[in-house]
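Being a predicted model, the structure only gives us computed values, none of them experimental.
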Amino acid sequence: NPSFETANALMSGCGAGCSYNYDIGIPGWTVTGNGGSFQPSSAYLTLQPQDGQIIAYSQGGTIGQILTSALQANSTYTLSVDVGHRLDGFATNYTIELLAGGNILNSVTGNSASIPAGTMATQTLTYTSGATVTAGQLLEIQLISAGNQSDFDDVSLTAITAPATLPIQNPSFEITNGMTGGCGTGNSCNFDIGIPGWTITGDGGSLQPTPAYLILPAQDGQVVAYSQ
């Protein structure tokens, strides 16, 4: 329910085209303190059509969700949330938190008065995990209001994981089956006796060339593979 369009009954009116509920929860989210679902008219907020007609609000409480996905290593997470400033006022401080296993990874805090009245503005935070993380730490989102009233909509969390280097046997061909020579002045090589970790079809083997033949980067060692 990232855009809060699924709501329990909106049992209270707030003018033409406006309704809300309170203290009966938001499907998929845990609400602490006073809060609920709010379908504002343009007298309060103008919503983007793609975001639907319903938002979440909190008055000095928290709206949170524990996700089913756990924190992954080598990943960059981007959490974005639309925050509103009602046209009739109700500006207060808000905090958006990304957590894992109950621990805060990153947060962003602001005051809705900095948002043009009657609109929603996207607030974003990022977090990049390290090479190792504790397994099983479920991700969590917390939307926190410091007073009366914070409005939230269109929650999005994306993750980009850095490519992993897969293990390859003898990747730089430095392990050989021995050199037999006979491949040019100063060179060492072998042929048709294989390369450890690799399968050769046809003529080929290991070659340790002199700079007259090949100049190799120092980090790549002294041996290459060849095939004819």
Side-chain angles (χ1 to χ4, degrees), residues 1-7 25-40 45-86 90-164:
N1 195 14
S3 196
F4 304 106
E5 293 308 302
T6 302
I26 300 173
W29 297 84
T30 299
V31 180
T32 59
N34 183 234
S37 301
F38 178 30
Q39 184 174 358
L45 285 166
T46 299
L47 306 181
Q48 297 298 315
Q50 66 270 20
D51 293 337
Q53 298 178 316
I54 299 176
I55 62 176
Y57 77 91
S58 177
Q59 301 186 152
T62 300
I63 300 170
Q65 183 175 143
I66 298 176
L67 309 184
T68 58
S69 300
L71 179 68
Q72 300 298 309
N74 296 318
S75 299
T76 297
Y77 295 88
T78 301
L79 173 62
S80 62
V81 182
D82 287 355
V83 178
H85 178 195
R86 284 174 49 156
F90 290 94
T92 189
N93 290 330
Y94 63 86
T95 300
I96 300 166
E97 295 178 345
L98 177 64
L99 305 89
N103 300 308
I104 298 173
L105 303 178
N106 199 4
S107 65
V108 60
T109 297
N111 189 291
S112 54
S114 65
I115 299 167
T119 69
M120 310 285 291
T122 302
Q123 311 302 315
T124 301
L125 64 84
T126 62
Y127 172 78
T128 300
S129 58
T132 59
V133 298
T134 302
Q137 296 185 92
L138 294 181
L139 295 167
E140 182 178 354
I141 297 168
Q142 293 281 352
L143 311 176
I144 304 168
S145 172
N148 186 20
Q149 148 193 126
S150 295
D151 298 298
F152 303 105
D153 198 15
D154 197 22
V155 181
S156 172
L157 178 63
T158 61
I160 299 176
T161 301

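Judged by distance alone, the side chain of Ser75 and the main-chain N or O of Ala73 form a donor-acceptor pair under 3.5 Å. Put simply, the side chain of Gln72 never gets that close to the backbone of Thr161: no donor and acceptor are under 3.5 Å apart.
We find the CG-CD distance between Asp154 and Gln50 to be 7.5 Å, quoted to the nearest 0.5 Å. We find the OG-CG distance between Ser112 and Asn93 to be 8.0 Å, quoted to the nearest 0.5 Å. Distance check: Asp51 CG to Gln53 CD gives 11.5 Å after rounding to the nearest 0.5 Å. Of the inter-residue distances, the one linking Ser145 atom OG with Gln59 atom CD reads 7.5 Å to the nearest 0.5 angstrom. If you take CD1 on Ile160 and CG on Asn74, they are separated by 13.5 Å, rounding to the nearest 0.5 Å. Here Leu98 contributes atom CG and Leu79 contributes atom CG; the two are 5.5 Å apart, rounded to the nearest 0.5 Å.
Looking only at side-chain heavy atoms (C-beta outward), Thr124 and Thr78 come within less than 4.5 Å of each other. The shortest side-chain heavy-atom distance between Tyr77 and Leu139 falls under the 4.5 Å cut-off. The side-chain heavy atoms of Val83 and Ile96, taken from C-beta on, include a pair separated by under 4.5 Å. Taking 4.5 Å as the limit, some side-chain heavy atom of Asp153 sits within range of a side-chain heavy atom of Ser3. Residues Gln149 and Arg86 have side chains in contact (heavy-atom distance under 4.5 Å, counting atoms from C-beta outward). Using a 4.5 Å heavy-atom cutoff, the side chains of Leu143 and Val155 are in contact. The side-chain heavy atoms of Trp29 and Phe4, taken from C-beta on, include a pair separated by under 4.5 Å. The shortest distance between side-chain heavy atoms of Thr76 and Tyr127 does not fall below 4.5 Å.
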Requested in this report: Take Ile26 and Ile63, measure what side chain to side chain contact (heavy atoms under 4.5 Å, CB included) needs, and give me the verdict at the end.
Outcome: CA-CA 9 Å; Ile26 300 173; Ile63 300 170; 4.2 Å; yes
Query raised in the report: Does the pair Phe90 and His85 meet the rule for a side chain to side chain contact (heavy atoms under 4.5 Å, CB included), with working shown?
Result: CA-CA 7 Å; Phe90 290 94; His85 178 195; over 6 Å; no
Query raised in the report: side chain to side chain contact (heavy atoms under 4.5 Å, CB included) between Met120 and Leu47: does it pass, once the steps are laid out?
Result: CA-CA 7 Å; Met120 310 285 291; Leu47 306 181; 3.8 Å; yes
Query raised in the report: Step by step, would you call Thr119 with Leu45 a side chain to side chain contact (heavy atoms under 4.5 Å, CB included)?
Result: CA-CA 6 Å; Thr119 69; Leu45 285 166; 5.8 Å; no
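Of all non-hydrogen atoms in Thr6 and Asn1, the two that sit nearest each other are O-ND2, 2.8 Å.
Side-chain N/O atoms of Ser107 and Thr95 include no donor and acceptor closer than 3.5 Å. When only modelled atom types and interatomic distance are considered, Thr122 and Asp82 share a side-chain donor-acceptor pair under 3.5 Å. Under 3.5 Å, the side chains of Ser150 and Thr92 contain no donor-acceptor pair of N or O atoms.
Other residues, nucleotides and ligands place more than 12 heavy atoms under 6.0 Å from the CG atom of Leu157. Within 6.0 Å of the CD atom in Gln137, the count of heavy atoms belonging to other residues, nucleotides or ligands exceeds 12.
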